[in-house]
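Here is the structure we will look at, set down as C-alpha cells.
Labels below follow one simple rule: chain letters A, B, ... track the order of the sequence lines, proteins then strands, and each chain is numbered from 1. Please read these numbers as outputs of a predicted model, since none were measured by experiment.
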Number of protein chains: 4
Amino acid sequence: MTAPTSPAPAIEAVQWFNTDTPPSLDALRGRVVVIEAFQMLCPGCVSHGLPQATRIHETFSRDDVVVLGLHSVFEHHEAQNPTSLEAFLHEYRIAFPVGVDAPGEPGGLPITMARYGMQGTPTLVLIDRKGHRRVQHFGHVPDLRLGAEIMALIAEAA
Amino acid sequence: MTAPTSPAPAIEAVQWFNTDTPPSLDALRGRVVVIEAFQMLCPGCVSHGLPQATRIHETFSRDDVVVLGLHSVFEHHEAQNPTSLEAFLHEYRIAFPVGVDAPGEPGGLPITMARYGMQGTPTLVLIDRKGHRRVQHFGHVPDLRLGAEIMALIAEAA
Amino acid sequence: MTAPTSPAPAIEAVQWFNTDTPPSLDALRGRVVVIEAFQMLCPGCVSHGLPQATRIHETFSRDDVVVLGLHSVFEHHEAQNPTSLEAFLHEYRIAFPVGVDAPGEPGGLPITMARYGMQGTPTLVLIDRKGHRRVQHFGHVPDLRLGAEIMALIAEAA
Amino acid sequence: MTAPTSPAPAIEAVQWFNTDTPPSLDALRGRVVVIEAFQMLCPGCVSHGLPQATRIHETFSRDDVVVLGLHSVFEHHEAQNPTSLEAFLHEYRIAFPVGVDAPGEPGGLPITMARYGMQGTPTLVLIDRKGHRRVQHFGHVPDLRLGAEIMALIAEAA
C-alpha cells in the first residue's frame, strides 16, 4: 500500500437506485468509499459479495465510510436489465445506493468496469479519503482482513 | 400421513428448460416426484430451496426419484420472465427440468401454484409412486427429515 | 444393502451417562439403533458427528429410532477420561445415552471399536430392527442421505 | 475510545504452551496484543472464539499483532486441567502461545480473569501498542468489526 496511487476513475452510471442524488466520487472526497461491483445473477455476488457490502454499510459510520453498489453487467443483458435489478434490490433488501454501470461497446464491458480494469464480479474497490483507489479485490475476501483494510484508510488524514 | 390422499393436480407449464420432453406426472407414475416451486428472485429459494432440490437430484437414483423445478411467479413478472429464468438456471447450474408455471388471471397466482394451494415460495411437494400428493412444505425443511420423507415414499410399493 | 448381514457386535461399555439402565442391542431389537462413536477432543466429532446425532435423536420417534453415543478413546486417554467426558456431555447438552467403550490392550483400540472394525472417529453405525448392522460411515455423511438410510430401515418389518 | 485508558493488568499464568519463553505484556509493548480467554470445554469458544483468534494470528503481521490464548478455567477444573488442555491444543491445531490462568481462591475465578473483570468465556481483549487495554468483548464479535478495531490500534503510534 506504499506504491504511488492515483485518483480513482469516475463512476459512469446511467441510473441510480436507493438515492435521490447520484453520488460522485468527487463529492465523497473526505470519506472512504467502498464500491461493490456485482451482477444480480452472479451466484458469488449474491451469496458473498452483497451480504458483505451490507455488513460494511451497517458496521461503519456513514461519516467515515460510504458503500456504493455498481451493477456491472457483461453477460445476460436482457435478464439483468434495470427493471429486473430494481426487483432484485427490493427482494434482497439492499439499502445502499446502487448505480447501473453504463454499457460499453456491444459485446464489451460496461464503462466503469473497464476503467477500473475489473476481471469479473464480484469486485470490491476501496477508495481513500483523498479519492485515490487503494485496494481492489476480485472474488472472495475475508471479513477480518477487509475490516482492517477499511480501518487503515479511515485512520488516514483526509 | 395416514389420511386419505388424492391424485396430485397436474402441472400446467407453458415452457420447460433442461428437458426435451415436457414431463408429466402421469408419465412419472411409479416413481417418487419432488416438485420444487420457486421464484428466481426469492432469496430463500436461492439460498435454501434450490440447493436442497439439487442435493435431492444428486443423492437419489433417477429410477426412484425425479426432481422437477416449477417457476411459479406471482410478483415481479417482468423481472422474472422466461428469458431471465434461462440465464438464472445457467448461472446457478440447475440441472433438473424446470417448468414455467402457467400464468393465472392478472394479479393472481399462476395456475399450478393455485391448484396446489401453495402459500408462497419455496414450496416443496412430494408425490408418491401412485401419483398421490403426500407432503407439502412451505419454507425451510431440514435435510434429515426430508431425506426420511422421500425414502418413506420410495419404500412403498408402486 | 442386499448382501447377507449378520448380527451387530455387542457394545462393551464400562460406564453409561444419560441413562439409568445400560442399553443393550438385544433389548433394543425391534427398533433401529444409531451408534455415534466419537472422542470428546476430536474436532470433526464436535463440529459434525455429535450435532448430527442430536438431530437424529430429535427428528425420529423414540419408538422407531434409538441413538446411542459411544466414547471410543484411542488416544489422549488421560485427557478423555470419564470425568472429563461427563463435563463435556454437560457443556455440549448431549441428551442421548453415551457409553464409555471398554479399554482394549494397552496402546490398542477400545473393545467395541475393534469389534466393529472402526477406522477412527466419528463413525456412525446403523443397526436394523432385527439387530443386524447395515450401514457404517467413517467421517462426514450428508443429512439428506442419512435421513434416507435411517428411514429405509424404519420401513422394514421387524 | 477517547476515555482515559490505563495499563492492562499483567497476565498471571502458571504454565505456557506453544512457546519457549513465557510472554509478558511488558515485553510486547510496541505491538498490539490480542488476548483470547477461553475454556476448552466451552462450546462458544471452540466454535467461534478460538477459530477467530486463529484467523487473527494468520491475518496480521507478527510485528504488529500478537495473539495470546489464556485458559481461564472457572468450572470443571478436573476435566480442564493442563494435561487435557495440551491434548486439546494439539487436536485443534492451535498455533499461538496459550497460558494457563493462575487459579484463584477455591470456587473463585482464576487470577487474570478476575483482574480483567471478565464475565465469562470467550472474552477477547485488545491491548494497544502502549500496553493499555482498549477493547474487551464477552461473547461473539463479528470479524468485520474486529478487523477494524485491531487496525485502529495498529495505526496508532507506539
Task: Residue, of C:Pro142, C:Ala155, C:Ala148, that accumulates the most heavy atom pairs under 4.5 Å with chain B - done: C:Ala148

- [ ] With a 4.5 Å heavy-atom cut-off (strictly below), which parts of residues 41-48 of chain C touch chain B? List them by number.
- [x] none

Task: Residue-level contacts of residues 83-92 of chain B with chain C, using a heavy-atom cutoff under 4.5 Å - done: none

Open item on the list: As an exercise, state the distance from CE of B:Met151 to CG of C:Leu144, rounded to the nearest 0.5 Å.
Closed with: 9.5 Å

Task: Toward chain C: residues of residues 50-79 of chain B with heavy atoms under 4.5 Å - done: B:Arg55, B:Ile56, B:Thr59, B:Phe60

Task: Within residues 104-119 of chain B, residues adjacent to chain C where the heavy-atom gap is under 4.5 Å - done: none

